[in-house]
There are 2 protein chains.
Amino acid sequence: MKKSHQKKKEILSPGLRGRIWIDGAEGTFLGYGRIILLEQIREYGSITKAGKSMEMSYRHAWELVDSMNRQAPAPLVAAVTGGKGGGGARLTEDGEKAIDLFWKLHADFQTFLAKEEKTLGIPKIKTGKRSKN
Amino acid sequence: MKKSHQKKKEILSPGLRGRIWIDGAEGTFLGYGRIILLEQIREYGSITKAGKSMEMSYRHAWELVDSMNRQAPAPLVAAVTGGKGGGGARLTEDGEKAIDLFWKLHADFQTFLAKEEKTLGIPKIKTGKRSKN
DNA sequence: ATACGTAATATAACACAGGGAATAACGAAA
DNA sequence: TTTCGTTATTCCCTGTGTTATATTACGTAT
């Protein structure tokens with residue numbers, strides 16, 4: 001099992017940071033973690049394996065998929081139970097489009113952050129490690 | 001006590017959303033909640049009252065202030081103990097500058113979100129309420 | 001019919017961030 | 001020297017969100 005998308009390592013370099021996501025009728029519809037999950041489902045063909053590859057409980061992974069499917073006009077993930085291998089999950093065409101859309105947004109956002117950080121400077125940050133007092 | 005900045009009401013309209021913040025050596029240095037807290041401290045001259053106005057425990061408010069002061073080259077909040085009224089807290093010049101800087105970033109970010117939402121459409125969202133199945 | 005591995009769902013156990021209480025320190029003013 | 005309200009600090013405890021575990025449903029292939 002590939003481990004390219006396990007837990008954030010909590011990178012700690014000073015600077016401008018941010019997150020973007022798309023809200024739906026119930027709250028978050030698409031965000032960074034959900035997109036990674038979709039990509040892992042595409043790779044493994046299984047919610048179980050996708051979740052494990054991200055060190056995410058099956059329950060959480062399933063809830064995210066369910067949330068996306070319920071808020072989208074048509075499901076992003078099609079899951080089947082039973083059958084050969086017990087079933088599985090695959091991305092729909094809309095699922096693929098969601099991934100593409102989000103990465104476009106993400107790229108624009110990274111550009112925005114870099115430009116903003118340069119123009120506004122973000123000057124007032126202590127660079128060294130913290131001192132006790 | 002004014003209540004203009006109590007708890008978020010969790011607005012739920014579909015669309016592009018996001019948050020930005022500035023990281024320091026220990027993690028978050030400046031973010032939306034911290035800026036509001038700074039403004040409330042400026043208004044009330046007290047960490048205690050500022051925290052209460054945001055329905056935030058004094059402990060939490062103090063930790064945020066401490067975190068900002070430790071990560072900044074010079075304190076954003078100057079607190080004094082004792083004296084008439086028991087003491088208090090006021091913003092430093094750097095504290096004022098932090099507020100200004102963040103709101104500039106915030107304004108640019110809102111503009112970015114609006115523009116991005118328009119150009120990329122954000123099409124695949126169910127508008128009506130959720131159905132059980 | 002049986003086996004198999006996953007989806008789907010329910011229940012129990014757990015971790016921990018944060019709240020609240022309690023206490024000490026503080027120093028100007030009366 | 002007493003009072004007063006705040007800052008500063010510690011400790012306990014609980015709510016809640018998460019994980020872990022268990023159970024059921026499912027359907028194709030053998």
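Lettering of chains follows the sequences in order, A, B, ..., and the numbering in each one begins at 1.
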Report the nucleotide, chosen from dA29(C), dT7(D), dA7(C), that has the shortest atom-to-atom distance to any side-chain atom of Lys84(B). dA29(C)
Check every atom of dT7(D), dG20(C), dT19(D) against the side chain of Tyr58(B) and return the nucleotide holding the closest atom. dT7(D)
Residues Ile47(B) and Ala89(B): closest non-hydrogen pair is CG1-CB, 3.8 Å
Nearest heavy-atom contact between Leu91(A) and Gly95(A) is CD1-C, 4.5 Å
Return no unless some side-chain N or O of [X] is found under 4.0 Å from OP1 or OP2 of [N].
{"X": "Ser46(B)", "N": "dT7(D)", "answer": "yes"}
{"X": "Thr81(B)", "N": "dC26(C)", "answer": "no"}
{"X": "Thr48(B)", "N": "dG5(D)", "answer": "no"}

If you assign each of Met56(A) and Val65(B) to its closest nucleotide in DNA chain D, which residue comes earlier from the 5' end? Val65(B)
How many Å lie between [atom1] on [X] and [atom2] on [N], as a whole number?
{"X": "His60(A)", "N": "dT9(C)", "atom1": "NE2", "atom2": "P", "answer": "17 Å"}
{"X": "Met54(A)", "N": "dT19(D)", "atom1": "CE", "atom2": "P", "answer": "11 Å"}
{"X": "Ile47(B)", "N": "dT6(D)", "atom1": "CD1", "atom2": "P", "answer": "11 Å"}
{"X": "Leu64(A)", "N": "dT19(D)", "atom1": "CG", "atom2": "C1'", "answer": "14 Å"}
{"X": "Trp62(B)", "N": "dG19(C)", "atom1": "CH2", "atom2": "C1'", "answer": "16 Å"}
{"X": "Glu63(A)", "N": "dA7(C)", "atom1": "CD", "atom2": "P", "answer": "15 Å"}
{"X": "Arg59(B)", "N": "dG19(C)", "atom1": "CZ", "atom2": "P", "answer": "8 Å"}
{"X": "Ile41(B)", "N": "dT6(D)", "atom1": "CD1", "atom2": "C1'", "answer": "13 Å"}

Would you say Arg34(A) and Ser67(A) are linked by a side-chain donor-acceptor pair, where the criterion is simply a distance under 3.5 Å? yes
If you measure from the Lys or Arg side-chain nitrogens to the Asp or Glu carboxylate oxygens, is any gap between Lys104(A) and Asp108(A) under 4.0 Å? no
Can you classify the ring geometry of Phe112(A) versus Phe109(A) as parallel (below 30°), tilted (30 to 60°) or perpendicular (above 60°)? parallel
Could you pick out which residue, Gly82(B) or Gly87(A), lies toward the 5' side of DNA chain C when each is mapped onto its nearest nucleotide? Gly87(A)
